[in-house]
Amino acid sequence: MTAAHRDANVLRWLGAYTASVTGDVTYFLALTWAATRTAGPAQAGAVLAAGSVPRALLMLGGGVVADRFGARRVVIGSDLVRCAVLLSAAAFTWLAGSPLWLLYVLAVVFGTVDALFMPAVGALPPQLTAPDQLARVQGMRTLSVRFANAVGPMAGALVLAAGGAAGAFGTAGLLFSGSLVLLLGVRVRPVAGDAPAGAGRTTPAQDFRAGLRHLRQNPHLSRLVLVIGLGEMCFSGPVSTGLLLLTDERGWGAGPLGWILAAFSLGGAASGLLLTAVRRVPYARAVMSCALLVTAVLVAAVGRAPGPGTAVTEGALLGVASGAATVLSNALLQERTEARYLGRVSSLTSLCTVGLSPLLYPLAGLVAAAWGTGVFFAGCGAVCLLAAGVSFSVRPHRPPATDGTERAAASGTDRTERAAAAGPAAFPGLPHAARSGPRPPSAVELPVGRADSEPGETDL
């Protein structure tokens, strides 16, 4: 199979995702600027909070929608809605300004659409490529996010200066339209249990309960979800707030803050680039756990940095370590989750990392005011240390089949009998000894580890 970074279908998805994230960043900058200009900083915070409420409340339901109707359809629909809403808002703002009610409507609509988009976009990569390419895809996704976070604010600021809020909303709408065009050319592979046409056989409530039951019956998958939630929660925004408070507390000024944030982003980009380039990551679970452990040490060290130079260096290393942990943990999660539950499982991780992270913003300020920013960063380190501890308890696991066949029963005897009846190609995840006949040369090699790995240890 073609490597992910050379696969035209994956690259179309990557281009669409990059345009979408850049549009999102530009939109948030324009919304904040317009709300501040219209009603002041307090109302700007209220407008942003109005968007975070539906995002958090509806995120789990968004996972059900992605699994019932297909992740690709949901992502396309999300981009279509955001494109139409932003272009309409740009026209209205150009003609009549940006009244506060319009900004509240925009925030609520975007928060609702995000609740559908995030689980769906998290469920797409396993439908685009083979399991042994998931680490590469996640590395490319990390690069995309870092690029959007670097380019989006600069592009948004330039457009705001030239065309005001109307120009920024219009630019964001055009970015979403570009994403939409690319997504229409993306093709997904049929996967086990993915039958949107038959979604009417069960109710959404039954689907939601089935997702929770799937996690209860797979404790190691549940632990992996917990690892991602804990490991990424502090890095979805609270750490940036903490860095702002740290530079203010130490009197370093805005310059060092920019360098620290840039070093962190470059470190994450370097990590994503490295994991995109390597052919496979041996002992991916152990590497992820060690990366989380290093992340815990570094994030606590940043809060104790004696000077800006040390903080910049530690910020770069922190970006590398946290980026590696993010890429590998998400790749392992997608590899281990049955295809029909990908949206629901992804919605849980999105809820932890994006939906609930706004709750930590005021906590950062309260802790910094009471005990200093060093204590806040030490707390973030403790959370990452807990994530590392949980990740070490996640046992190696052989990934489920994702080629459109049903999974064999858990019993080894039943797996062997079914393999003998169906042929070796029907069960690519089955051990070699349980196959009936030699493996065909064209079969896709799943990342089940080398012969010298511990039993069941997963490579990516």
Side-chain angles (χ1 to χ4, degrees), residues 9-10 12-28 31 51-90 105-128 141 144 148 169-191 193-200 202-204 207-208 211 334 339-351 354-355:
N9 193 50
V10 173
R12 278 193 295 271
W13 166 81
L14 183 67
Y17 182 70
T18 303
S20 180
V21 176
T22 306
D24 219 27
V25 173
T26 305
Y27 151 74
F28 273 108
L31 182 70
S52 67
V53 172
R55 185 185 302 116
L57 293 179
L58 302 177
M59 189 75 74
L60 297 181
V64 174
V65 172
D67 286 336
R68 285 176 69 84
F69 299 104
R72 178 177 176 271
R73 295 180 183 179
V74 175
V75 170
I76 288 175
S78 300
D79 275 355
L80 179 61
V81 170
R82 290 190 286 189
C83 174
V85 168
L86 278 174
L87 292 179
S88 300
V105 169
L106 267 179
V108 171
V109 169
F110 259 72
T112 303
V113 174
D114 278 348
L116 299 174
F117 174 80
M118 289 178 180
V121 79
L124 264 181
Q127 302 177 34
L128 300 173
R141 185 178 176 183
S144 171
F169 286 143
T171 300
L174 291 176
L175 285 168
F176 283 116
S177 68
S179 173
L180 180 61
V181 170
L182 289 171
L183 281 172
L184 292 173
V186 172
R187 296 292 175 261
V188 296
R189 303 186 308 163
V191 290
D194 183 21
T202 58
T203 66
D207 287 345
F208 179 73
Q334 292 176 341
R340 55 183 169 173
Y341 296 111
L342 277 167
R344 280 161 283 184
V345 172
S346 180
S347 70
L348 277 173
T349 59
S350 297
L351 177 65
V354 179

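The figures here come from the full heavy-atom set of this structure, side chains too, leaving out hydrogens, waters and symmetry mates. Small disclaimer: the values here were computed from a predicted structure and weren't measured.
Partners of Leu31 by side-chain contact (heavy atoms from CB on, under 4.5 Å), not counting sequence neighbours, listed by chain and number: Tyr27, Val47, Leu48, Leu103, Leu106, Ala107. Residues passing the ring pair (Phe, Tyr, Trp, His ring centres under 6.0 Å) test with Phe28: none are found, sequence neighbours excluded. Considering only residues two or more places apart in sequence or on other chains, Phe208 meets the side-chain contact (heavy atoms from CB on, under 4.5 Å) condition with Leu60, Val64, Leu212. Taking the side-chain hydrogen bond (donor to acceptor under 3.5 Å, both in side chains) definition, one finds that Ser52 meets it with nothing, sequence neighbours left out. For Arg72, there are no side-chain hydrogen bond (donor to acceptor under 3.5 Å, both in side chains) partners at least two apart in sequence or on another chain.
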| message | Determine whether Trp13 and Arg141 satisfy the following criterion, side chain to side chain contact (heavy atoms under 4.5 Å, CB included), listing intermediate values before the conclusion. | response | CA-CA 10 Å; Trp13 166 81; Arg141 185 178 176 183; 4.2 Å; yes
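Gly211 and Tyr341 get closest at one heavy-atom pair: CA-CD2, 4.1 Å. Pairing each heavy atom of Ala172 with each of Leu86, the nearest pair is CB-CD1, 3.6 Å. Here the closest heavy-atom approach between residue Asp67 and residue Gly343 is recorded as OD1-N, 2.8 Å. Across all non-hydrogen atoms, the minimal contact from Gln127 to Ala71 is NE2-CB, 4.2 Å. Residues Val75 and Ala120 share a closest heavy-atom pair of CG2-CB, 3.6 Å. Of all the heavy atoms in Leu351 and Ala56, the pair that sits closest is CD1-O, 3.4 Å.
Side chains of Phe176 and Ser78 form no contact here, defined as non-hydrogen atoms less than 4.5 Å apart. Residues Pro119 and Met59 form a side-chain contact, since some pair of their non-hydrogen atoms from C-beta on lies under 4.5 Å apart. With contacts defined as side-chain heavy-atom distances shorter than 4.5 Å, the pair Ser88/Phe169 does not qualify.
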Per-pair distances, 0.1 Å, donor-acceptor, side chain in residues 177-184, under 3.5 Å, sequence neighbours excluded:
residue: Ser177; atom: OG; partner: Leu174; partner atom: O; Å: 2.5
residue: Ser179; atom: OG; partner: Ala16; partner atom: O; Å: 2.9
residue: Ser179; atom: OG; partner: Asp79; partner atom: OD2; Å: 2.5

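Sorted by first and then second residue, the salt bridge (charged side-chain N to carboxylate O under 4.0 Å, His left out) pairs with a member in residues 172-186 form an empty list; sequence neighbours excluded. The salt bridge (charged side-chain N to carboxylate O under 4.0 Å, His left out) pairs that include a residue from residues 52-62 are Arg55-Asp114, where partners are two or more places apart or lie in different chains.
A salt bridge links Asp207 with Arg68: the distance from a Lys NZ or Arg NE/NH1/NH2 to an Asp or Glu carboxylate oxygen falls below 4.0 Å.
Ser20 places no side-chain N or O within donor-acceptor distance of the main-chain N or O of Tyr17, the cut-off being under 3.5 Å.
To the nearest 0.5 Å, the span separating CZ on Arg82 from CG on Asp24 amounts to 5.5 Å. If you take OG on Ser347 and CG on Leu58, they are separated by 11.5 Å, rounding to the nearest 0.5 Å.
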